[in-house]
Amino acid sequence: MALTDTFSNLSILIRWLHVIAGITWIGMLYFFNFVNVPLQGALDDAAKKAVNPNLMPRALWWFRWGAMITFLAGVALFTLTYAYTPGQGFGMNQNFKDAMTGHLTSRAHWILMGMVFGTIMWFNVWGIIWPAQKKLLSGKAGDQAAALRKRALFTSRVNTFLSGPMLFGMLSPAHYGASNGVTILTAILISLATIWLAIKTSFNVGKSV
Ligand code: HEM
């Protein structure tokens, strides 16, 4: 592939943008879940008032815009990888559908799983977590504050769990061949157990050096 191959160059640029934005988003998600939740439990009200108005708007900015760029670049990457053929134009290609059998490929199974989980996570950020946090940070939450905090935390936990299987769905299409009920279920179970362990660990680590 030469430097003049526009399709390959565009694909790698969008792939890179997708992954660097994904790191930013999921990095912030893990910061909130593995560091900030235990931290908030250790702060008194005065400390929270000093820290949170400085910390949260910054962290939430990278979090939500990371999610948006990941999602948009992901949709573009899906189009280029599965719904476009250089020289022929748009339409589902052989990465998505086996030309002989007409069945979805293994690659398609994995990326569809990843994209369903990723899209739910993106919706949770923009539709639930950010609106709740925005109200809390603006000081307009009033007596809704406790309920909003609970909803944001629950949804953030759901996203943390979903991030495990989602990432299997992102990595497997290009780096793992098989897809069937057993491989997909195993990937889901391994990743959910890993996230569960990380959340449990987060309450016990780093209290001292
Ligand atoms: C939000 C919805 C998302 C959509 C629609 C989406 C879409 C895609 C697509 C179409 C691919 C290409 C798969 C292939 O090569 O066959 C991909 C790969 C990938 N995505 Fe996502 N993605 C999403 C979220 C995420 C998130 C949150 C991350 C977190 C880091 C992520 C990380 C990756 C990685 C690491 C790859 C593999 C790159 C490679 O192996 O070349 N994606 N994604």
Side-chain angles (χ1 to χ4, degrees), residues 1 5-35 59-86 88-99 103-131 133 152 155-180 183-184 187-188 190-192 194-195 198-199:
M1 282 170 214
D5 175 355
T6 311
F7 177 78
S8 302
N9 290 332
L10 191 62
S11 288
I12 190 64
L13 269 177
I14 292 177
R15 198 173 282 272
W16 173 84
L17 180 66
H18 178 64
V19 175
I20 201 167
I23 292 169
T24 308
W25 172 16
I26 305 303
M28 284 294 154
L29 178 71
Y30 289 172
F31 165 75
F32 287 135
N33 278 270
F34 302 154
V35 178
L60 284 164
W61 190 90
W62 289 103
F63 175 69
R64 70 182 183 280
W65 289 111
M68 184 59 87
I69 293 172
T70 306
F71 177 70
L72 294 177
V75 172
L77 191 55
F78 177 78
T79 308
L80 286 183
T81 311
Y82 295 91
Y84 181 78
T85 309
Q88 288 178 31
F90 292 98
M92 300 324 280
N93 61 29
Q94 79 283 356
N95 286 337
F96 197 76
K97 225 172 170 182
D98 188 306
H103 292 152
L104 293 189
T105 59
S106 283
R107 203 168 168 172
H109 290 151
W110 282 111
I111 198 61
L112 286 174
M113 175 184 97
M115 291 200 313
V116 166
F117 289 154
T119 304
I120 294 171
M121 291 170 63
W122 170 80
F123 174 80
N124 284 343
V125 170
W126 280 91
I128 299 176
I129 299 172
W130 172 233
Q133 290 288 2
T155 313
S156 187
R157 282 288 201 242
V158 169
N159 270 11
T160 305
F161 275 106
L162 287 181
S163 72
M166 179 278 300
L167 206 53
F168 262 116
M170 295 298 144
L171 295 171
S172 301
H175 305 286
Y176 184 73
S179 86
N180 57 40
T183 55
I184 290 182
I188 291 177
I190 289 174
S191 51
L192 291 182
T194 307
I195 300 287
I199 291 177

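Both ligands and their constituent atoms are indexed starting at 1 by order of listing. Please read these numbers as outputs of a predicted model, since none were measured by experiment.
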| request: Sort by chain and number the protein N/O/S atoms that are closer than 2.8 Å to atom 21 (Fe) of ligand 1, and list them. | output: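 Per the 2.8 Å query on atom 21 (Fe) of ligand 1, atoms found are His18 NE2, Met170 SD.
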| query | Does Asn95 use its side chain to pair, donor to acceptor, with the backbone of Thr81 at less than 3.5 Å? | reply |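 Checked: pair present.
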| query | Should we count CH2 of Trp16 as having more than 12 external heavy atoms under 6.0 Å? | reply | no
| query | More than 12 foreign heavy atoms under 6.0 Å from CH2 of Trp130: is that the case here? | reply | yes
[atom1] of [X] to [atom2] of [Y]: how many Å apart, nearest 0.5 Å?
X: Ile188; Y: Ile190; atom1: CD1; atom2: CD1; answer: 11.0 Å
X: Arg15; Y: Leu10; atom1: CZ; atom2: CG; answer: 11.5 Å
X: Ile195; Y: Leu162; atom1: CD1; atom2: CG; answer: 9.5 Å

I need the atoms of ligand 1 closer than 4.0 Å to a non-hydrogen atom of [X], numbered in the order shown.
X: Leu171; result: 35 (C)
X: Arg107; result: 14 (C), 15 (O), 16 (O)
X: Phe78; result: 10 (C)
X: Tyr82; result: 13 (C), 14 (C), 16 (O)

| request: Identify the protein heavy atom lying closest to atom 9 (C) of ligand 1, giving its residue, its atom name and the separation to 0.1 Å. | output: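 The closest heavy atom on the protein side is Ile111 CD1, 3.5 Å.
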| note | Check: of Arg15, His175, Met121, min heavy-atom distance to atom 15 (O) of ligand 1 comes from Arg15
| query | So Leu167 and Phe117, side chain to side chain contact (heavy atoms under 4.5 Å, CB included) or not? Walk me through it. | reply | CA-CA 9 Å; Leu167 206 53; Phe117 289 154; over 6 Å; no
| query | Tell me the side-chain hydrogen bond (donor to acceptor under 3.5 Å, both in side chains) pairs involving residues 18-33, sequence neighbours left out? | reply |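 For residues 18-33, and leaving out neighbouring residues, the side-chain hydrogen bond (donor to acceptor under 3.5 Å, both in side chains) pairs sorted by first residue read Tyr30-Ser163, Asn33-Ser156, Asn33-Arg157, Asn33-Thr160.
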| Using 30° and 60° as the class limits, which term best fits the ring planes of Phe96 and Tyr82: parallel, tilted or perpendicular? |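 Phe96 and Tyr82: perpendicular rings.
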| request: For ligand 1, note which part of Asn95 has a heavy atom under 4.0 Å away: side chain, backbone, both or neither. | output: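 Answer for Asn95: neither.
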